[in-house]
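Each chain gets a letter, A, B and so on, in the order its sequence line appears, and its residues count up from 1. What you see below is based on every heavy atom in this structure, not just the backbone, and it leaves out hydrogens, waters and symmetry mates.
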Protein chains: 2
Amino acid sequence: MAITDVECCEEQHVHTDITDKAKKDMPGEDELYDLAELFKIFGDSTRIKILFALFEEEMCVCDIADTLNMTQSAISHQLRILKQSKLVGNRREGKSVIYFLADDHVRTIIDQGLNHIEE
Amino acid sequence: MAITDVECCEEQHVHTDITDKAKKDMPGEDELYDLAELFKIFGDSTRIKILFALFEEEMCVCDIADTLNMTQSAISHQLRILKQSKLVGNRREGKSVIYFLADDHVRTIIDQGLNHIEE
DNA sequence: TTAACATATGAACAATCATTCATATGTTCA
DNA sequence: TGAACATATGAATGATTGTTCATATGTTAA
């Protein structure tokens with residue numbers, strides 16, 4: 001057990017058997033960062049609402065804005081974020097652009113969140 | 001179909017059959033807000049790391065700080081948030097305070113996130 | 001009680017972010 | 001081609017937030 005610098009408490013008192021194991025099993029920085037970034041996407045009620053709307057059916061931007069009673073611009077900005085995270089996909093259909101859920105992870109993640117809320 | 005005000009696109013073009021259904025099935029504001037708040041907790045890599053550390057075993061604040069190589073103050077502030085969200089619990093044990101995972105939802109939610117990342 | 005240790009917390013600061021506004025891009029139809 | 005519609009986007013702004021620093025609270029042992 002190396003005594004390199006001062007911790008919050010005396011280094012001697014750190015339970016290195018536990019912390020060593022925790023450090024060893026900790027995922028890499030990149031994975032942890034990506035994971036946090038993913039959850040950050042769900043951490044905004046506008047985006048959550050958009051996802052709930054798309055649970056029903058695919059929709060154009062205009063319909064989503066109407067459903068949430070928000071401006072087209074605000075929705076478009078958020079859709080861009082959702083698309084970058086591969087949570088939604090889109091396709092152009094004439095003048096409209098149709099957005100849809102990319103996969104079923106979204107549903108599962110949100111359902112787990114609801115479970116926690118409703119306990 | 002009421003024509004009350006101007007939407008992003010002409011009100012006439014909104015697919016009210018779809019938007020009405022989406023509006024009807026949308027959870028209440030409070031629930032959506034709580035859900036977003038919950039995911040916001042997971043949307044920070046420091047808190048994610050703390051949760052991963054606690055996956056291994058319960059730990060005192062000092063050990064968590066050592067595991068993450070961060071200051072005691074930063075960890076304590078984040079533990080407060082995690083506790084408020086009922087994601088972790090704690091108990092005092094002498095001079096130390098031991099933190100632990102509150103329930104298994106945490107694991108499930110993070111696992112689902114990892115699934116999405118690793119695809 | 002005092003000293004040392006462990007944790008919590010308030011204030012301040014920098015960074016991040018959601019929305020708005022103005023405008024640009026892209027599509028269709030006459 | 002031009003006009004109308006639908007969506008995207010850059011800049012600006014107000015609000016939120018993670019960390020640091022200083023310090024307070026709480027616990028133990030001498």
Side-chain angles (χ1 to χ4, degrees), chain A residues 6-15 19 32-33 36-51 58-85 88-100, chain B residues 6-15 19 32-33 36-51 58-85 88-100:
Chain A
V6 177
E7 307 291 328
C8 65
C9 48
E10 302 295 311
E11 175 94 15
Q12 293 85 347
H13 297 168
V14 173
H15 305 92
T19 58
L32 291 165
Y33 179 82
E37 286 302 302
L38 174 66
F39 285 122
K40 212 172 281 183
I41 307 297
F42 292 91
D44 175 81
S45 55
T46 296
R47 288 190 290 265
I48 290 276
K49 285 178 195 171
I50 292 177
L51 295 174
E58 55 181 28
M59 286 189 185
C60 66
V61 179
C62 166
D63 284 353
I64 299 173
D66 180 79
T67 301
L68 306 200
N69 197 32
M70 291 180 65
T71 67
Q72 174 270 323
S73 180
I75 299 297
S76 189
H77 277 295
Q78 296 305 332
L79 283 171
R80 181 165 163 274
I81 294 173
L82 288 169
K83 200 192 169 199
Q84 283 176 339
S85 315
V88 307
N90 66 9
R91 69 170 182 280
R92 183 168 275 278
E93 215 165 82
K95 280 187 290 191
S96 299
V97 176
I98 311 292
Y99 282 83
F100 48 87
Chain B
V6 177
E7 306 290 329
C8 64
C9 48
E10 303 295 311
E11 175 93 18
Q12 292 85 344
H13 297 168
V14 172
H15 305 92
T19 58
L32 291 166
Y33 179 82
E37 286 301 302
L38 174 66
F39 285 122
K40 213 172 280 183
I41 307 296
F42 291 92
D44 175 81
S45 55
T46 297
R47 288 190 290 265
I48 290 277
K49 286 178 195 172
I50 293 177
L51 295 174
E58 56 181 28
M59 285 189 188
C60 67
V61 180
C62 167
D63 284 352
I64 299 173
D66 180 79
T67 300
L68 306 200
N69 197 33
M70 291 180 65
T71 67
Q72 174 271 324
S73 180
I75 299 297
S76 189
H77 276 296
Q78 297 306 333
L79 283 170
R80 183 163 162 275
I81 293 173
L82 287 168
K83 199 192 170 196
Q84 282 175 339
S85 316
V88 308
N90 66 9
R91 68 169 183 281
R92 182 169 275 277
E93 214 164 82
K95 280 188 288 192
S96 300
V97 177
I98 312 291
Y99 281 83
F100 48 87

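We find that NZ of A/Lys95 is positioned 15 Å from P of D/dA8, with the value rounded to whole Å. A/Asp63 has its CG atom 10 Å from the P atom of D/dA6, to the nearest Å. What separates CZ of A/Phe42 from P of C/dA18 is a distance of 14 Å, to the nearest Å. Between the C1' atom of D/dT7 and the CG atom of A/Leu79 lies a distance of 10 Å, rounded to the nearest Å. Distance, A/Leu68 CG to C/dA18 P: 15 Å, rounded to whole Å. Protein atom CD1 of B/Ile50 is 14 Å distant from nucleotide atom C1' of C/dT7, rounded to whole Å. In this structure, B/Ile75 atom CD1 and C/dT7 atom P are separated by 11 Å, rounded to whole Å. Atom NZ in B/Lys83 sits roughly 14 Å away from atom C1' in C/dT9 (whole-Å rounding).
Between the side chain of B/Asp63 and the backbone N or O of A/Thr19 there is no donor-acceptor pair closer than 3.5 Å. Using modelled atom types, no side-chain atom of A/Ser96 and backbone atom of A/Arg92 make a donor-acceptor pair closer than 3.5 Å. Side-chain atoms of B/Arg80 never come within 3.5 Å of backbone atoms of B/Ile75 as a donor-acceptor pair (strictly under, hydrogens ignored). Of the possible polar contacts, none joining the B/Arg91 side chain to the B/Ile98 backbone as a donor-acceptor pair under 3.5 Å is found.
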Quick one: what's the B/S/- string for nucleotides 14-20 of chain D, heavy-atom cutoff under 4.0 Å, read 5' to 3'? ---SSBB
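Counting only heavy atoms from C-beta outward, the side chains of B/Val14 and A/Cys62 approach each other to under 4.5 Å.
Proximity of A/Tyr99 to the phosphate of D/dA8: a side-chain N or O atom is located under 4.0 Å from OP1 or OP2. B/Arg92 has no side-chain polar atom (N or O) that falls below the 4.0 Å cut-off from OP1 or OP2 of D/dG26. Between A/Arg80 and the phosphate of D/dA8, there is no side-chain N or O to OP1/OP2 separation shorter than 4.0 Å.
Side chain A/Gln72 to base D/dA6: no donor-acceptor pair is found below 3.5 Å.
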Under the side-chain contact (heavy atoms from CB on, under 4.5 Å) criterion, do B/Phe100 and B/Val88 qualify, and how do the steps go? CA-CA 5 Å; B/Phe100 48 87; B/Val88 308; over 6 Å; no
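Among the atoms of the strands shown, only primed sugar atoms or phosphate atoms (P, OP1, OP2) are found under 4.0 Å from some heavy atom of A/Ser96.
Below 30°, between 30° and 60°, or above 60°: for A/Phe39 and B/Phe42 the angle between ring planes is between 30° and 60°, a tilted geometry.
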